[in-house]
Amino acid sequence: MKGIAGKQTKGVQNGSRLDVVDNTGAKVIEIITVPGYKGVARRVPSAGVGDLVIASVKKGTPQMRRQIVYAVVVRQRRPTRRPDGTMVFFEDNAAVITTETGETKGTDIKGPVAREAAERWPRVAATANMIV
């Protein structure tokens, strides 16, 4: 079985705050929207592991605060079912700041990265220390 499962469990939505686990200077971001989200009228856009989101930096260095950034969700608390039947979940919701095309802005990622995010974003996989 290769690739990403057809139905990814969406664990974070607009307004969710994520920890930033790279060394860009941001500490906490809040999701503004999910580009390319196709949903039902009036439904709040949500994202799962491996999804690209647009977010606002809420805590971090003075240069990073109040910036609008792109980020990839690398961990979520909500359990996710993999094609082999295992359920995976993490202690926190976390993201890595990237460019619009998925190039990581930081040079180091702290903690584990979900395999779904690593398969979808090669630059995140190259920067990650541990892939779960």
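The main-chain N or O of Lys58 is never found under 3.5 Å from a side-chain atom of Gln67 such that the two would form a donor-acceptor pair. Judged purely by atom type and a 3.5 angstrom limit, Asp22 has no side-chain atom pairing as donor or acceptor with the backbone of Thr104. When atom types are taken as modelled, the side chain of Arg120 and the backbone of Gly50 share a donor-acceptor pair closer than 3.5 angstrom. Asn129 contributes a side-chain N or O that, together with a main-chain N or O of Ile109, makes up a donor-acceptor pair within less than 3.5 Å. Between the side chain of Asp19 and the main chain of Ala94, no donor-acceptor pair closer than 3.5 Å is present. Listed for the Trp121 side chain is no donor-acceptor partner under 3.5 Å among the backbone atoms of Val72. Of the possible polar contacts, one joining the Asn23 side chain to the Thr107 backbone as a donor-acceptor pair under 3.5 Å is found.
Side-chain contact between Val53 and Val73 is present, with at least one heavy-atom pair separated by less than 4.5 Å. At least one side-chain heavy atom of Val20 sits less than 4.5 Å from a side-chain heavy atom of Ile97. Contact of the Tyr70 side chain with the Glu100 side chain is registered, since non-hydrogen atoms from C-beta on lie closer than 4.5 Å. The shortest distance between side-chain heavy atoms of Ser46 and Val34 does not fall below 4.5 Å. Between Val57 and Lys27, every side-chain heavy-atom pair lies at or beyond the 4.5 Å cut-off. Looking only at side-chain heavy atoms (C-beta outward), Ile31 and Val12 come within less than 4.5 Å of each other. The side-chain heavy atoms of Val113 and Val132, taken from C-beta on, include no pair separated by under 4.5 Å.
Rounded to the nearest 0.5 angstrom, Arg17 CZ and Glu30 CD are separated by 4.5 Å. With rounding to the nearest 0.5 Å, the separation of OG1 in Thr24 from NZ in Lys105 is 8.5 Å. Remark: Ser16 OG to Ile29 CD1 distance equals 10.5 Å, nearest 0.5 Å. Between the CD1 atom in Ile68 and the OG atom in Ser56 there is a gap of 4.5 Å [rounded to 0.5 Å]. Here Arg115 contributes atom CZ and Ile131 contributes atom CD1; the two are 9.5 Å apart, rounded to the nearest 0.5 Å.
Cluster membership check: Val28 does not share its hydrophobic cluster with Val96, using side-chain heavy-atom separations under 4.5 Å among Ile, Leu, Val, Met, Phe, Trp and Tyr. Cluster membership check: Val49 does not share its hydrophobic cluster with Leu52, using side-chain heavy-atom separations under 4.5 Å among Ile, Leu, Val, Met, Phe, Trp and Tyr. Using a 4.5 Å cut-off between side-chain heavy atoms of Ile, Leu, Val, Met, Phe, Trp and Tyr, with links allowed through other members, Val124 and Val88 fall into different hydrophobic clusters.
Between Arg43 and Tyr37, the shortest heavy-atom distance links the atoms CD-OH, 3.5 Å. Summarising the geometry of Ala118 relative to Ala125, their closest heavy-atom pair is O-CB, 3.5 Å, with the distance given to 0.1 Å. Summarising the geometry of Gly102 relative to Arg123, their closest heavy-atom pair is O-CB, 3.7 Å, with the distance given to 0.1 Å.
The side chain to side chain donor-acceptor pair (under 3.5 Å) with Thr80 is formed by just one residue from the set Arg78, Gln76, Arg82; it is Gln76.
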Exercise. side-chain contact (heavy atoms from CB on, under 4.5 Å) between Asp51 and Lys10: does it pass, once the steps are laid out?
Worked result: CA-CA 9 Å; Asp51 287 344; Lys10 307 294 186 181; 2.9 Å; yes

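Taking the charged nitrogens against the carboxylate oxygens, Glu91 and Arg75 have no contact shorter than 4.0 Å, which rules out a salt bridge.
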